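Notes for the one structure printed next.
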Protein chains: 2
Amino acid sequence: MRIVILGAGRVATHMAKALHKNGHKIDAVWSRTIESAQRLARVVDSFPVNDISVLPTDADAYIIAVKDSALQEVIAKATKGREGSLFLHTAGSMPLSVFDGYTENGGVFYPMQTFSMEREVDFRAIPLFIEGADARIRQLAESISEHVYELSSDDRKYLHLAAVFACNFANHCYTLAAEVLEKKGLPFDVMLPLVDETVRKVHELHPKEAQTGPAIRGDKNVMAAQAALLDSRMQAIYNLMSESIQEKA
Amino acid sequence: MRIVILGAGRVATHMAKALHKNGHKIDAVWSRTIESAQRLARVVDSFPVNDISVLPTDADAYIIAVKDSALQEVIAKATKGREGSLFLHTAGSMPLSVFDGYTENGGVFYPMQTFSMEREVDFRAIPLFIEGADARIRQLAESISEHVYELSSDDRKYLHLAAVFACNFANHCYTLAAEVLEKKGLPFDVMLPLVDETVRKVHELHPKEAQTGPAIRGDKNVMAAQAALLDSRMQAIYNLMSESIQEKA
């Protein structure tokens, strides 16, 4: 397909690279600043633009990977005179209905990953969640990812929520561990082999089956002694997580 | 050194292999069943025994890697007639004082890792926490690990507590994520690229700096909408974790 990329941030960059690598032609890259557009355009053999109105009108698909807060405005400008093309946004938290009134060929193209500019990713391994009536959406998705799922805007809320637990809250558990260690002058690094192994295990087992520790063993002595070492908020977290582990066991 | 291993479980196995690999002579392996002792003895070119009283009396060190509940009994039997040798236990949750009354050459040798029988580990990368007055303990530790820390029994309690957050509670976050996904018919596998990347980040950044998500952004709309999707206990966890993320930011 001939594709235009709107945005030059982390999602836009990794997605444009994946499309380019898989044989699609990136007609143009738009970004608010020409420098950002140029930086990405160079990498994907494309044409940099900082004015939406000069973008080609005949590309097959326009992929909009911009901040949630800018999405509506970019959709309004990009669809103008291009209503017949396919328009996809990449924002996990925004519904399909953001296209209402602008185009009937809207869709969602949401990769479930946290991207860094510096780190290359294997896009084929990233789950890609799509939504929209147009059959070309799935075709395009399958050309860059081996894990394509259709998901409604309503269900995508749950996907997002799950990601908060699996990423944000898991990471916060590391922060709390680091705080406990720092009291004794130990660096968080001493946890890394354990943290790595914990994650490796859930590649093979359901996390419920991989659970270890005093709560799942019902070791009340250890649990009481550990809770007593904590301040009141961390104690509340400790007790609530322990109860939840026991309830889900 | 000439070493006797007491135990043939996961810790005993990985530690015996690491010692053997690094030039120590494993004189004997004791286990309650001769089959277990044989299985490990074969791997580390040693002699299997299921009766503590027949173990050599002149080894340099006796490493006791048995269940917490069996430790006291094994120490009592193993030290008898061997009081002058070095005795080490590998139990993170047991104090140095378990040796009191049995030997004055006791020490702790605690590897911070969760072991599986099937998976080979790079023991040199595993943090090894030691305790005890004898200078040979550090020497032996440094012969198998590049990350040796001295830690008192009291401070080791905090290490354990940190491990509960970094491993047990982080894993429980995955369980909760899996539960949210299952409601929508999605497998936990769709989270794995995100989970992997979350862990890779804390190899480079302090977890506090790696934090992402609605709580750290102070995005109250998303937080309220997400909490509303949850049952009461998970809602309590969601709110408490979010508050804690904001407090530690």
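Nothing here was measured: the structure is a model prediction, and the numbers come from that model. Convention: sequence-line order gives letters A, B, ...; per-chain numbering from 1.
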With chain B, the option among A:Gly185, A:Pro214, A:Ala163, A:Ala227 that has the most non-hydrogen atom pairs under 4.5 Å is A:Ala163
Does any non-hydrogen side-chain atom of A:Lys248 lie less than 4.5 Å from one of B:His172?
yes
Determine whether A:Leu186 and B:Asp155 make a side-chain contact, defined as any pair of heavy atoms from C-beta on separated by less than 4.5 Å.
no
Check each atom of A:Tyr174 against the heavy atoms of chain B and say whether the ones under 4.5 Å are side chain, backbone, both or neither.
both
Assert top hit (heavy-atom pairs under 4.5 Å, partner chain A, pool B:Val199, B:Leu194, B:Thr198, B:Thr212) equals B:Leu194
Say you draw a straight line from CD of A:Gln226 to CZ of B:Phe165; how long is it, rounded to the nearest 0.5 Å?
8.5 Å
The reported gap from CD in A:Glu204 to CZ in B:Arg119 (rounded to nearest 0.5 angstrom) is 4.5 Å
Among B:Leu181, B:Val202, B:Val222, which residue has the highest count of heavy-atom pairs closer than 4.5 Å to chain A?
B:Val202
Chain A contact via B:Tyr238 - side chain, backbone, both or neither, heavy atoms under 4.5 Å:
both
Quick check: are there more than 12 heavy atoms from other residues, nucleotides or ligands sitting under 6.0 Å from CZ of A:Arg10?
no
Quick one: of A:Glu247, A:Glu179, A:Met241, who has the most non-hydrogen atom pairs under 4.5 Å with chain B?
A:Met241
Most heavy-atom pairs under 4.5 angstrom with chain B, which of A:Ala215, A:Pro187, A:Cys167?
A:Cys167
Max heavy-atom pairs within cutoff under 4.5 Å with chain B, candidates A:Ile237, A:Asn168, A:Val180, A:Val164, goes to A:Asn168
Relative to chain A, which of B:Ala210, B:Pro193, B:Gly213 shows the most heavy atom pairs under 4.5 Å?
B:Pro193
Picking from A:Val121, A:Leu159, A:Leu230, A:Leu229, which has the most non-hydrogen pairs under 4.5 angstrom with chain B?
A:Leu229
Rounding to 0.5 Å, atoms OG (A:Ser93) and CG (B:Asn221) come to a distance of 11.0 Å
Are any of the side-chain heavy atoms of A:Val190 and B:Phe129 separated by less than 4.5 Å?
yes
Looking only at heavy atoms and a cut-off of under 4.5 Å, which of A:Lys208, A:Met112, A:Met234, A:Gln211 has the most pairs with chain B?
A:Gln211
Tell me, side chain or backbone of B:Tyr158 under 4.5 Å from chain A's heavy atoms, or both, or neither?
both
Which pair of non-hydrogen atoms, one from B:Ala170 and one from A:Cys173, has the smallest distance, and what is that distance?
N-SG, 3.9 Å
Using a cut-off of 6.0 Å, state whether more than 12 heavy atoms not belonging to A:Arg32 lie near its atom CZ.
no
Could you check which of B:His147, B:Lys201, B:Lys184 has the highest count of heavy-atom pairs closer than 4.5 Å to chain A?
B:Lys184
Select, from B:Lys183, B:Glu243, B:Lys157, the one with the greatest count of heavy-atom pairs under 4.5 Å involving chain A.
B:Glu243
B:Arg138, CZ atom: more than 12 neighbouring heavy atoms under 6.0 Å:
yes
Do you know which of B:Ile216, B:Val195, B:Ile126, B:Asp196 has the most heavy-atom pairs with chain A at a distance under 4.5 angstrom?
B:Asp196
Test of ring centre spacing under 6.0 Å for A:Phe169 and B:Phe169:
no
Proximity breakdown for B:His206 and chain A, heavy-atom pairs closer than 4.5 Å
side chain
To check you understand the geometry: which heavy-atom pair defines the closest contact between A:Ala162 and B:Ala177, and what is its length?
O-CB, 3.4 Å
Can you tell me if A:Arg200 has over 12 outside heavy atoms packed within less than 6.0 Å of its CZ?
yes
Got A:Thr175 and B:Ser244 here, is their nearest side-chain heavy-atom distance under 4.5 Å?
no
Heavy-atom cut-off 4.5 Å, strictly under: side chain, backbone, both or neither for A:Ala125 against chain B?
backbone
